[in-house]
Amino acid sequence: MARYNPAKTEQKWQEYWSKNEIFVSSRDDGKEKYYVLEMFPYPSGRIHMGHVRVYTLGDVIARYKKSKGFDVLHPMGWDAFGMPAENAAVEHGIPAAEWTWSNIETMRHQLKSMGFSYDWTREIATCSPDYYRQEQAMFVELLARDLAYKKETWVNWDPVDETVLANEQVIDGRGWRSGALIERRLLSQWMFRITAYAQDLLDSLDNLDEWPESVRTMQANWIGRSEGLKIEFDLANHSETISVFTTRPDTLYGASFIAIAPNHPLASQLAENNPTMLSFIETCNRLGTSEVELEKAEKLGFDTGLKAKHPFSGQEELPVFVANFVLMSYGTGAIFGCPAHDQRDIEFASKYKLPIKTVVAPSGDFPDPALPPHTAFTGDGLMINSGFLDGMTIDQAKAAVAEKLEATNQGKRHVTYRLRDWGVSRQRYWGCPIPVVHCDQCGIVPVPKGSLPVLLPDDVAFDQPGNPLDRHPTWKHTTCPNCSGAAERETDTFDTFVDSSWYFCRYACPEFSMPLDPEAMKSWLPVDQYVGGIEHAILHLLYSRFFMRALKECGYVSFKEPFTGLLAQGMVCHETYRDDSGWLYPEEVEQTEAGNWQRRDNGQPVQSGRSESMSKSKKNVVDPGSILKTYGADTARLFMLSDSPPERDIEWTESGIEGAWKFVQKVWRIAESYEPIERQASKQHPKDSSPQVIQLRKHTHQTIAAVTKDIESFRFNRAVAGIRQLTNAIAAFQENGSGAQQAKCEALETLVKLIGPMLPHLAEEMWERLGFSASLAQESWPLPDTSLLSSQTVTMAVQINGKLRTTLNMATDITSDLAQERALADPVIKAHIGNREIKKVVVVPNRVINVVL
RNA sequence: CGGCGCGUGGUGGAAUUGGUAUACACAACAGACUUAAAAUCUGUCCCGCUUUGCGGUUGCGAGUUCGAGUCUCGCCGCGCCGACCA
């Protein structure tokens, strides 16, 4: 008996699928469409285990849906712009484009060897001019609709690399590459007006019921809607007014100061004639953005000398501070401080000896002796010391203050969001050029659609820090499309999140001459099932949701939610190993008989650490390439599906992959040992079969029902468990009597169909061996025979006072009375009851009988 | 500090959504086959006891219920995310 040879078999079927265009999608109006998509990879060089996991999950769904009769769209492409290509250019002198395309080549080959059912004719790469020209065309339209604009914003500036850094690239106040101290700088940046849709992005989350609750909550928190009041404070000694946003207007009588952000316009104005204030503001701006520094940062203020008039009394004057904890980017950039009822304000007030006036009386004991001193009371209570508000609840007081201030035009109810507009400018080379020119005469002029794409130049130099586009001898010099005078190109490129905000649309019409083909959009979009990592739960998904709304406004699409269903899968983890020299790869260590770890090369002891997400920096990675070579794609796929549910992290283990390998071999052995019988005969199941034969048939059909349900709900680990049980039943089946061959044949054919989406190569090979000539990939999913699903008898639990005492077999249609009678007649139960009195008997049909004493 | 999630054997995890806790595997141990190994097959495998049985067990403690891994409250522990959002 030959062992299953994955290398040979897998290649055979991959060639077959490709040659016969099994997975090339085209719309057939007779069928319902199903678009399944996994997040496309960044072409970093080689695929990693995370890719294997997410693409396996998507492939199971795609193959399953195809067998259920859907017109499936399952494409793949490349998120191909981004920093690593530039780093390769800097470090190894390889042009970014060349590096990227060669990585794509390698990874495409690797993905193909995994046997994924992609329609490769629709492949796209975001770095291809065919792709980014369309992105540029869409940008021009967003610009025309004021959904894109240029604005001065504060950014993290790395003075050594001469580039803007994202928050996550600033580590402890220093640039992640250069190590230079990061400055806050005001730079002119391109922005997308995502805030225009803040409310809709929030409201629509309610309709995304096929998304995980956690992702919806994260998005809602990110958008961060708060309702409050804008209050205008007149100044006693200045002509300006200060507009303040608050969610606690009820505490207005407790106000003891006003604080404005260091970069508030009024602060800048005052600092012009006040060097001390200017230097205070500069200190604030230098403050790093890292968590640690913010955590430690003391609340600091600078008294401007201005006095604000309390809107109610008009008499009371509140000092106006510039304070480092007030953010210009939220609300109005100014607050009123009510120390008694806000933790930040009480810290500030304690430092600067400002009054602390209680206006909300707690119902219980406050201050709570258990709490540290200087703790603000933020709970519920009734208003005191607050004039006309006294005695009201917080909510009543909020409404009363809003009403009164609105009546006198000193305030207005206002909703504000934590969400900021999306800054899309990057001072980088390897990205989509932003298609505008800067003309001295005409200002910012979009590049006309006929002149697109604005191509990235190939001949760029990385010998200096900063953006090579900016230094290119010729590229940025051009003429104004408007006046034909000399003009300069925009040298910023797009954030790569822009590229990934619409790629899923382009798959539907990869070669269309305009951004999107309306017909294709109608046929395929939105994505029915999106699969990807939880790390993109906020930004990528939110940006895509915004982009669809923007495209809808431009008339390209008619929907606004891009992803109907979302499956967020967990990470692939592995133990970490290290010794004095640093981290070690799993293949560099081995386990001793005592269970300790040591180095393979010199036997020195090695520390093993906890299991963490696979990452190159900790070297706890396993290369899919070597796994593929040793075990083949099907085994790797099975490992990813068994044991753990998709949304949870999985631990990569040697024994786990061995277990998957053994199962693949076991299934193959069953197929090998089986002599195919006459096809016609197998269809007829005789009526005089033995109970064992009927049992196998029932098991087969129950497995179909269970596995179908499990796949529909993405519980692949359960599906695998069910398939393993059926496999064990077939292996153990020794009957030869009437109907035995037919039953075994039916079980085997079913098994092959059920493993089809998970182990497609093995399944095809077995299908062929069972005597079928057509590809399994084109077969339909089995339907259970419902007459075999129900059983005449069921095992019921009999409890006494909720404690299991025995089990009894009963007919499924037995009446409750009869079931109760039989249970009470059972000798075990009788013995337990003894001569105690029965208070009550609860009968749950086909489940349990509980005798209450 | 806040938000969200999780806690079931040595391990990954099941549990018909309030109804027989530990399915399916991994590891371990014992046995069969073998000159031997690998592979394969069979058996044991939550804990305790006075072992045909009895008692206990889903992080800990309470509650609701005829019945709780599942619902409620309070602790403890772990993980992820956010971070001065007025």
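Sequence lines set the chain letters: A, B, ... in the order given, protein chains first and strands last, and positions in each chain run from 1.
- Proximity of A:R344 to the phosphate of B:rC85: a side-chain N or O atom is located under 4.0 Å from OP1 or OP2.
- Summarising the geometry, the separation between CG on A:N846 and P on B:rU16 is reported as 16 Å, rounded to the nearest angstrom.
- The NZ atom of A:K662 sits 10 Å away from the C1' atom of B:rA27 (whole-angstrom rounding).
- In summary, the side chains of A:T56 and A:R637 do not present any donor paired with an acceptor at a separation below 3.5 Å, with no hydrogens or angles considered.
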Protein N or O to nucleotides 17-25 of chain B N or O, pairs below 3.5 Å:
from, atom 1, to, atom 2, distance (Å)
B:rU20, O4, A:T795, O, 3.1
B:rA23, O2', A:Q725, NE2, 2.9
B:rA25, OP1, A:N728, ND2, 2.4

(request) Any chance you could encode RNA chain B as dot-bracket? Rule is Watson-Crick or G-U wobble with both distances under 3.5 Å; [ ] for pairs crossing earlier ones, | for another strand. (result) (((((((..(((......[....))).(((((.......))))).((((...))))..(((((..]....))))))))))))....
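- Partners of A:E712 by salt bridge (charged side-chain N to carboxylate O under 4.0 Å, His left out), not counting sequence neighbours, listed by chain and number: A:K65.
- Applying the side-chain contact (heavy atoms from CB on, under 4.5 Å) rule to A:T795 yields the partners A:T807, A:N809; only residues at least two apart in sequence or on another chain are considered.
- With sequence neighbours left out, the salt bridge (charged side-chain N to carboxylate O under 4.0 Å, His left out) criterion links A:D421 to no other residue.
- At the phosphate of B:rC85, neither OP1 nor OP2 sits under 4.0 Å from any side-chain N or O atom of A:S329.
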(request) Produce a footprint string for nucleotides 48-55 of chain B: one letter per nucleotide, 5' end first; B if the base is under 4.0 Å from any protein heavy atom, S if only the sugar-phosphate is, - if neither. (result) ------SS
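- Ion pair A:R669/A:E672 not flagged as a salt bridge, since none of the NZ, NE, NH1 or NH2 atoms sits closer than 4.0 Å to an Asp/Glu carboxylate oxygen.
- At a threshold of 4.0 angstrom between heavy atoms, the contacts of A:V326 include nucleobase atoms, whether or not backbone atoms are also involved.
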